[in-house]
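Shown next, in structure tokens, is the structure this report addresses.
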Amino acid sequence: MEQLSLLFSGWRWQDVLDIVFNAYILFRLYVLFRGTNVLRVLMAVVAMWIIGRSANAMGLVITNWVMQGVITVATFIIILVFRNEISGVVRTRSLGFFLWEIPRTQINTPVRIITDAVVKLAGSKIGALIVMPLKTGVDSIISSGTDINASLSREMLMNIFWPGAPLHDGAAVIQGAKITRAGTILPLSQNRHLASKYGTRHRAALGLTEQSDALVIVVSEERGKVSLVKDNRIDEVRDPDKIEALIKQYTGGPEPAKKMRRQTRELLVAAMVCLLCTTGLWLSFSRGMETLANYDVPIEFMNSDKKMNIIDASASRSRLLISGARPLIKALTLDQMSIKISLDGTALGKNKLAITRQNVQLPPGIRLKNIEPNQVEVTLDVMAEKQVPVQADFSGKLPEDLIMTSISVIPQTVTITGGGLTLDTVTTVFTEKIPLENLTTSGVVNAALVMNPDTLRPDEKDKKVQIRYNIAKRNSNDGTEN
Ligand SMILES: Nc1ncnc2c1ncn2[C@@H]1O[C@H](COP(=O)(O)OP(=O)(O)OP(=O)(O)O)[C@@H](O)[C@H]1O
């Protein structure tokens with residue numbers, strides 16, 4: 001359970017977008033290849049891939065190896081065996097179809113009327129070609145012809161195919177209870193094994209079923225026979241009841257509401273499967289390639305009491321050991337991580353503060369493994385000012401024959417700022433070291449002040465002081481000056 005929550009923890013909006021976008025592409029590919037053999041083989045490949053990944057996760061080395069080999073071979077087979085089918089689907093579908101169209105199936109189609117019409121046409125030896133698009137649709141395969149959008153009736157069909165009628169050449173398309181188009185030209189099959197009794201009308205019917213899952217009804221002009229063409233097969237059927245039953249069977253049953261529900265259900269299931277597959281793929285990529293990294297992250301102290309100051313801290317950075325997907329870790333920058341410690345509730349002087357997970361902010365998808373150090377000691381003080389005397393800090397010795405007769409520091413006192421507790425211990429501020437060896441005559445030097453401890457700050461104007469000194473020659477007999 002904990003592992004499951006870890007798997008889904010730290011999602012970013014980019015991950016959701018990534019999954020939804022790719023799931024949609026997968027779903028559209030399903031809609032594009034729905035009803036074709038390519039999809040069936042592709043689904044087998046996906047199933048093998050899932051088995052391979054599961055085998056990998058369970059440590060089944062040989063099964064995983066075999067599945068990978070089979071997938072590689074199957075991919076080549078798909079490309080070789082189905083290259084015509086794939087290129088047919090890709091070539092004939094428009095961008096709009098690929099992006100959002102969902103082909104309408106045969107809902108509310110009056111199959112009895114179609115049967116009556118084709119039987120009558122066959123009896124009168126009037127040639128006819130009727131297309132009933134199914135799941136894959138035919139819109140982008142057959143764009144020729146005339147849109148008529150007429151209600152489907154036996155008379156209407158007879159009229160269209162009546163010799164001499166303007167649209168009798170070509171095929172009529174039936175969508176639901178409408179004849180949507182007539183006079184359309186279908187792609188001719190290149191099948192060399194087609195029986196010689198069949199001419200171009202049957203070849204055109206076969207050609208369309210090679211590129212789609214449509215049902216095409218052909219009425220032969222010469223022989224007065226009705227043929228149902230589906231999935232590259234031509235079936236000549238004599239019995240009108242059988243014709244009706246087969247049309248119903250191919251177009252998916254008689255009840256329109258049921259058919260609609262079935263289609264919606266099928267698309268919903270497909271969308272869910274696409275979403276699950278993409279999520280699985282994303283998880284196996286992002287969570288499967290976990291990696292560890294160390295980062296030295298600065299510690300930020302959140303101080304709400306402006307009078308309190310940090311005068312010392314045992315650490316300014318903490319080393320974070322983090323884990324996450326390799327691409328996320330690679331893209332990580334230091335400014336995306338922070339350690340924030342609140343000073344609320346602390347007291348003057350030394351405070352030991354723990355650095356916990358709550359103090360660490362990391363981008364989504366990155367998990368914290370360790371913090372080192374996980375404790376920091378901060379010394380807090382209230383800021384104050386103090387006037388202290390300045391003392392020149394001479395080092396070394398004057399030459400033997402010289403003596404310092406007077407020293408004055410200007411200014412004599414300076415104002416320093418710092419923590420009140422620290423200031424209490426400071427009685428004098430010294431200058432930087434002034435070497436005596438170099439001094440031979442009286443003069444003036446400028447020297448900077450040395451703050452001890454360095455948390456103390458002198459006034460801006462008092463950063464340097466002036467030291468005036470007088471040097472005289474030492475009396476060689478009694479040691480007094482001349
Ligand atoms: N590519 C095509 N698309 C649509 N209809 C076509 C196409 N090619 C031929 N036809 C139709 O088929 C008719 C020609 O039929 P043809 O006699 O060659 O075929 P057939 O299969 O022998 O059928 P039949 O038994 O009716 O003669 C054309 O007049 C035209 O209406």
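Numbering of residues begins at 1 and proceeds along the displayed sequence. Order of listing sets the numbers, starting from 1, for every ligand and every atom in it. For clarity, every value in this text was computed on a predicted model and none was experimentally measured.
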Report all N/O contacts between ligand 1 and the protein shorter than 3.5 Å as a table of atom names and distances to 0.1 Å; if there are none, say 'none'.
{"unit_1": "ligand 1", "atom_1": "1 (N)", "unit_2": "Leu186", "atom_2": "O", "d": "3.0"}
{"unit_1": "ligand 1", "atom_1": "3 (N)", "unit_2": "Leu186", "atom_2": "N", "d": "2.9"}
{"unit_1": "ligand 1", "atom_1": "18 (O)", "unit_2": "Thr200", "atom_2": "N", "d": "3.2"}
{"unit_1": "ligand 1", "atom_1": "18 (O)", "unit_2": "Thr200", "atom_2": "OG1", "d": "2.6"}
{"unit_1": "ligand 1", "atom_1": "19 (O)", "unit_2": "Thr200", "atom_2": "N", "d": "3.3"}
{"unit_1": "ligand 1", "atom_1": "19 (O)", "unit_2": "Arg201", "atom_2": "N", "d": "3.1"}
{"unit_1": "ligand 1", "atom_1": "21 (O)", "unit_2": "Gly199", "atom_2": "N", "d": "2.8"}
{"unit_1": "ligand 1", "atom_1": "21 (O)", "unit_2": "Gly199", "atom_2": "O", "d": "3.2"}
{"unit_1": "ligand 1", "atom_1": "21 (O)", "unit_2": "Arg201", "atom_2": "N", "d": "3.2"}
{"unit_1": "ligand 1", "atom_1": "21 (O)", "unit_2": "His202", "atom_2": "N", "d": "3.1"}
{"unit_1": "ligand 1", "atom_1": "21 (O)", "unit_2": "His202", "atom_2": "ND1", "d": "2.7"}
{"unit_1": "ligand 1", "atom_1": "22 (O)", "unit_2": "Gly199", "atom_2": "N", "d": "3.0"}
{"unit_1": "ligand 1", "atom_1": "25 (O)", "unit_2": "Ser220", "atom_2": "OG", "d": "2.8"}
{"unit_1": "ligand 1", "atom_1": "26 (O)", "unit_2": "Arg201", "atom_2": "NE", "d": "3.1"}
{"unit_1": "ligand 1", "atom_1": "26 (O)", "unit_2": "Arg201", "atom_2": "NH2", "d": "3.2"}
{"unit_1": "ligand 1", "atom_1": "26 (O)", "unit_2": "Glu221", "atom_2": "N", "d": "2.6"}
{"unit_1": "ligand 1", "atom_1": "29 (O)", "unit_2": "Asp169", "atom_2": "OD1", "d": "2.7"}
{"unit_1": "ligand 1", "atom_1": "31 (O)", "unit_2": "Asp169", "atom_2": "OD1", "d": "2.7"}
{"unit_1": "ligand 1", "atom_1": "31 (O)", "unit_2": "Gly170", "atom_2": "N", "d": "3.1"}

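Nearest heavy-atom pair, Ala205 versus Val229, reported as atom, atom and distance to 0.1 Å: CB-CG2, 3.9 Å. The minimum heavy-atom distance linking Val219 with Ile126 is given by the pair CG1-O, 3.3 Å. The two residues Gly145 and Thr184 come nearest to each other via the heavy atoms CA-CG2, 3.8 Å.
With hydrogens and angles left out, the side-chain atoms of Gln336 and Tyr295 include no donor and acceptor closer than 3.5 Å. Thr180 and Gln175 share no donor-acceptor pair across their side chains, judged by distance under 3.5 Å alone.
Applying the side-chain hydrogen bond (donor to acceptor under 3.5 Å, both in side chains) rule to Arg112 yields the partners Asp116, Glu244; only residues at least two apart in sequence or on another chain are considered.
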